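Only a predicted model underlies this, so the values are computations on that prediction, with no experimental measurement involved. One-based numbering, in listed order, for ligands and for the atoms of each.
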Amino acid sequence: MSTYVESLSWRYAAKKYDTGRKISDADLNTIKEAVRLSASSYGLQPYKVVIVENPEIREKLKAVGYGQPQITDASHLFIFANEANVGEASVDKYITNISETRGVPAEALAGFSDMMKGVIGGLSDDAKNTWTAKQTYIALGNLLSAAAELKIDASPMEGFNAASFNEILGFDKLGLNAAVIAAVGYRHDEDDAQHFKKVRKSQEELFITL
Ligand SMILES: Cc1cc2nc3c(=O)[nH]c(=O)nc-3n(C[C@H](O)[C@H](O)[C@H](O)COP(=O)(O)O)c2cc1C
């Protein structure tokens, strides 16, 4: 078995965290890089990732997160917030980034820019929100894998009230929407869930090879 698959077998969605253990700055940086390097449609990365350390804010979030203790007890809380109404400004910023990073004049990217603006402009507000939210899950997946490689625990969570999260975090003003969150830290010795056998579909059931 590859060490990568071993790491994925080791990981589980921790339910109880050791509140006394914090992840190091170096490990936090590795996880941030894994998130930053995530693939996204067109490369647009239409989201922000908010890392909440502040205990008071985390208490408030837990109250609207079905009281899930991971929200307050893990070392760090990542919130993947998609752009609620992605538009031309995001495309323009991205085009500037490509131009500067690759030393390509922005005019040479006009076709790409127009294409993205055309596709995005043709989406309803709901479709835009769904599309940008989907992109955050790719980043979430990278976080889970990177944390597992570092033997750091992580808990992906959708069990929270997004509207309340948005209000507490001031996302409405920023045009952001809390799509999915992940608590990151170290499992508690007494977290029973770490002993549960992993339940997954077999390869035969999961894959269709044509
Ligand atoms: C997008 C997503 C949302 C999830 N939301 C929650 C949640 O709100 N609370 C929770 O305890 N677990 C949550 N989970 C954890 C899953 O239940 C868990 O990943 C699944 O049962 C597989 O088990 P494992 O990750 O421990 O291997 C979520 C997982 C994902 C990927």
| Any Lys/Arg nitrogen of Lys117 or Asp92 sitting under 4.0 Å from an Asp/Glu carboxylate oxygen of the other? | yes
| Any chance the side chains of Glu158 and Tyr137 put a donor and an acceptor closer than 3.5 Å? | yes
| message | Is it the case that the side chains of Tyr17 and Ser155 hold a donor-acceptor pair, with the cut-off being a distance below 3.5 Å and no angle test? | response | yes
| message | Distance alone, cut at 3.5 Å: any donor-acceptor contact between the side chains of Asn161 and Tyr66? | response | no
Please tabulate protein-ligand N/O pairs under 3.5 Å for ligand 1, atom names and distances to 0.1 Å.
{"unit_1": "ligand 1", "atom_1": "5 (N)", "unit_2": "Pro156", "atom_2": "O", "d": "3.4"}
{"unit_1": "ligand 1", "atom_1": "5 (N)", "unit_2": "Glu158", "atom_2": "N", "d": "2.9"}
{"unit_1": "ligand 1", "atom_1": "8 (O)", "unit_2": "Gln68", "atom_2": "NE2", "d": "3.1"}
{"unit_1": "ligand 1", "atom_1": "8 (O)", "unit_2": "Glu158", "atom_2": "N", "d": "3.4"}
{"unit_1": "ligand 1", "atom_1": "8 (O)", "unit_2": "Gly159", "atom_2": "N", "d": "2.9"}
{"unit_1": "ligand 1", "atom_1": "9 (N)", "unit_2": "Gln68", "atom_2": "OE1", "d": "2.8"}
{"unit_1": "ligand 1", "atom_1": "11 (O)", "unit_2": "Lys15", "atom_2": "NZ", "d": "2.8"}
{"unit_1": "ligand 1", "atom_1": "11 (O)", "unit_2": "Gln68", "atom_2": "OE1", "d": "3.4"}
{"unit_1": "ligand 1", "atom_1": "12 (N)", "unit_2": "Lys15", "atom_2": "NZ", "d": "3.4"}
{"unit_1": "ligand 1", "atom_1": "14 (N)", "unit_2": "Pro156", "atom_2": "O", "d": "3.2"}
{"unit_1": "ligand 1", "atom_1": "25 (O)", "unit_2": "Arg11", "atom_2": "NH1", "d": "3.2"}
{"unit_1": "ligand 1", "atom_1": "25 (O)", "unit_2": "Arg11", "atom_2": "NH2", "d": "2.8"}
{"unit_1": "ligand 1", "atom_1": "26 (O)", "unit_2": "Ala13", "atom_2": "N", "d": "2.8"}
{"unit_1": "ligand 1", "atom_1": "27 (O)", "unit_2": "Lys198", "atom_2": "NZ", "d": "2.4"}
{"unit_1": "ligand 1", "atom_1": "27 (O)", "unit_2": "Arg200", "atom_2": "NH1", "d": "3.4"}
{"unit_1": "ligand 1", "atom_1": "27 (O)", "unit_2": "Arg200", "atom_2": "NH2", "d": "2.8"}

| query | Quick check: are there more than 12 heavy atoms from other residues, nucleotides or ligands sitting under 6.0 Å from NZ of Lys128? | reply | yes
| field | Test of ring centre spacing under 6.0 Å for Phe165 and Phe160 | value | yes
